[in-house]
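Remarks on the structure that follows.
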2 protein chains.
Amino acid sequence: MPPRIPDAVDAILAQWRMEKPDLDLGPMGLIGRLGRCGALIRRRLDLTFERFGLSGWEFDMLATLYRSGPPYCLAPTTLFSTLMVTSGTMTHRLKGLEARGWVERHVNPDDARSSLVQLTSEGRQLIDAAIEAHVDNEKKIIAGLPAADQAALDQLLARLLAVLENGRESEKLD
Amino acid sequence: MPPRIPDAVDAILAQWRMEKPDLDLGPMGLIGRLGRCGALIRRRLDLTFERFGLSGWEFDMLATLYRSGPPYCLAPTTLFSTLMVTSGTMTHRLKGLEARGWVERHVNPDDARSSLVQLTSEGRQLIDAAIEAHVDNEKKIIAGLPAADQAALDQLLARLLAVLENGRESEKLD
DNA sequence: AGAATGTGTCTTGATATCAAGGTAAATCGG
DNA sequence: CCGATTTACCTTGATATCAAGACACATTCT
């Protein structure tokens, strides 16, 4: 374990150590770094989305529809639960994507309460190009981390995600 | 390396594998898991903040002032650059915290353009209690991950953060 | 069938955020 | 020491988000 270059989180932990020496800072370091990595990565991702005239949420929506495969069609409920937003947010998002001509709404023959949201061919072409640039960008963003570290990090994040997704929430939500 | 329980990101990657088999999905898996862990953790953190009548950004602001140590006083510019928000956002945040009686603004004798934002004793007492509950909560959130994994994950995130913070952005922003 | 309950979506109103631009104070270069 | 530039902050206007609740349709139970 080589000595690390101090990062912004190290500085924060050092301050807490001065002010409240009794705090257990291990979890704060991990969670702080995770959050900060996420924020910095999101900024870098947005730069590529902008090149396609897309915002982050627009990319997410189109990509979710695209990767569902032909006929590129999902119900609003599927979309908002997948994307972790509320139904009201989904209403606005769909209105925006429809106005831009990237999705269309069809009546759902099986359930008159809901509609089906389908990618148009314009939307499909756009996201098809954007996804390739996006993946290249992701690769560049983490390229400074050795391949072995990337694999190990992915493995550990998968374990953490399993804990967060499956984990006995009842005992932890307090 | 034990076989993992499939998580939400595995399902997403499997869909891409069907639709666009040529994509290199390694980076997408890592970045997807990182983002999703971050979102799930943030939700859990908010539950504890609510118990103190705080939102996430309110906690962040008070904690930043508190950990700076006596006299618990920082300039707005320091706050917004530390917290990665714009100056306009900071204006609104400070107005809110002032209205709640948790911070006060003083004139800066050294620079009449800026003010100094100081934690009140009410603000200090509140964040002093909240920080302890927060750290306990963070510990619980990741408790399902073995201690060795926690340490290894922190180490790898620190390396990634160093890449993201220091890393030769010029060659990657494209 | 009809009532009660559940589900899917949209509306409304309140927040939080940013980008862009404005203003005043500080600082720098001759 | 004075004009030009930079810095610090605030204002404005536009978006994105959520929580709560309204409403129509679906399902289930009698």
Side-chain angles (χ1 to χ4, degrees), chain A residues 35 38-40 42-47 49-50 53-65 73-100 102-118, chain B residues 35 38-40 42-47 49-50 53-65 73-100 102-118:
Chain A
L40 292 172
R42 205 164 316 114
R43 289 186 176 183
R44 299 273 289 271
L45 297 182
D46 284 343
L47 296 178
F49 299 150
E50 272 168 29
L54 289 167
S55 63
W57 67 260
E58 287 169 333
F59 177 89
D60 287 343
M61 292 276 294
L62 299 184
T64 301
L65 286 163
C73 210
L74 294 173
T77 298
T78 307
L79 283 166
F80 75 68
S81 52
T82 302
L83 293 169
M84 312 203 331
V85 296
T86 62
S87 64
T89 295
M90 190 50 56
T91 301
H92 296 312
R93 287 185 172 192
L94 290 172
K95 191 175 330 192
L97 295 183
E98 219 178 351
R100 297 261 240 152
W102 293 329
V103 306
E104 284 172 351
R105 314 187 70 146
H106 304 293
V107 295
N108 184 343
D110 297 334
D111 186 339
R113 291 168 305 176
S114 72
S115 57
L116 289 175
V117 178
Q118 183 172 36
Chain B
L40 292 171
R42 205 165 316 114
R43 289 186 175 184
R44 298 272 290 270
L45 298 183
D46 284 344
L47 296 178
F49 299 150
E50 273 168 29
L54 290 167
S55 63
W57 68 260
E58 287 169 333
F59 178 90
D60 287 343
M61 293 276 294
L62 299 184
T64 301
L65 286 163
C73 210
L74 294 173
T77 298
T78 308
L79 283 165
F80 76 69
S81 52
T82 302
L83 294 169
M84 311 205 332
V85 297
T86 63
S87 62
T89 295
M90 189 51 56
T91 300
H92 296 312
R93 286 186 173 192
L94 289 173
K95 191 176 329 191
L97 295 183
E98 219 178 350
R100 297 261 240 152
W102 294 327
V103 305
E104 284 172 352
R105 314 187 71 148
H106 304 294
V107 294
N108 184 343
D110 297 333
D111 186 340
R113 292 169 304 176
S114 72
S115 57
L116 288 175
V117 178
Q118 182 173 37

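Chain letters run A, B, ... following the sequence lines, proteins first, then strands; residues in each count from 1.
At D/dC10, one or more side-chain N or O atoms of B/Thr91 fall inside 4.0 Å of OP1 or OP2 (strictly under the cut-off). Close to C/dT17, at under 4.0 Å from its OP1 or OP2, lies no side-chain N or O of B/Thr89. Under 4.0 angstrom from either OP1 or OP2 of D/dA8 there lies no side-chain N or O belonging to B/Ser114. Regarding contacts with the backbone of C/dT17, a side-chain N or O of B/Arg93 is found under 4.0 angstrom from either OP1 or OP2.
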For nucleotides 21-28 of chain C, tabulate all protein N/O to nucleotide N/O atom pairs closer than 3.5 Å, reporting atom names and distance.
| unit_1 | atom_1 | unit_2 | atom_2 | d |
| --- | --- | --- | --- | --- |
| C/dA26 | OP1 | B/Ala112 | N | 2.9 |

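Partners of A/Asp46 by salt bridge (Lys or Arg N to Asp or Glu O under 4.0 Å), not counting sequence neighbours: none found. With sequence neighbours left out, A/Arg105 forms a salt bridge (Lys or Arg N to Asp or Glu O under 4.0 Å) with no residue at all. When the salt bridge (Lys or Arg N to Asp or Glu O under 4.0 Å) test is applied to A/Arg43, no partner is found at least two apart in sequence or on another chain. Looking at residues two or more places apart in sequence or on another chain, you find no salt bridge (Lys or Arg N to Asp or Glu O under 4.0 Å) involving B/Arg42.
Counting to the nearest Å, the C1' atom of C/dC18 and the CZ atom of A/Arg43 are 11 Å from each other.
Residue B/Thr78 is the one, among B/Thr78 and A/Val85, whose nearest nucleotide of DNA chain D lies closer to the 5' end (criterion: closest heavy atom).
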Output a table of donor-acceptor pairs, distance under 3.5 Å, between side-chain atoms of residues 87-96 of chain A and any protein atom two or more places apart or on a different chain; print 'none' if there are none.
| unit_1 | atom_1 | unit_2 | atom_2 | d |
| --- | --- | --- | --- | --- |
| A/Thr89 | OG1 | A/Thr86 | OG1 | 3.1 |
| A/Thr91 | OG1 | A/Ser87 | O | 3.2 |

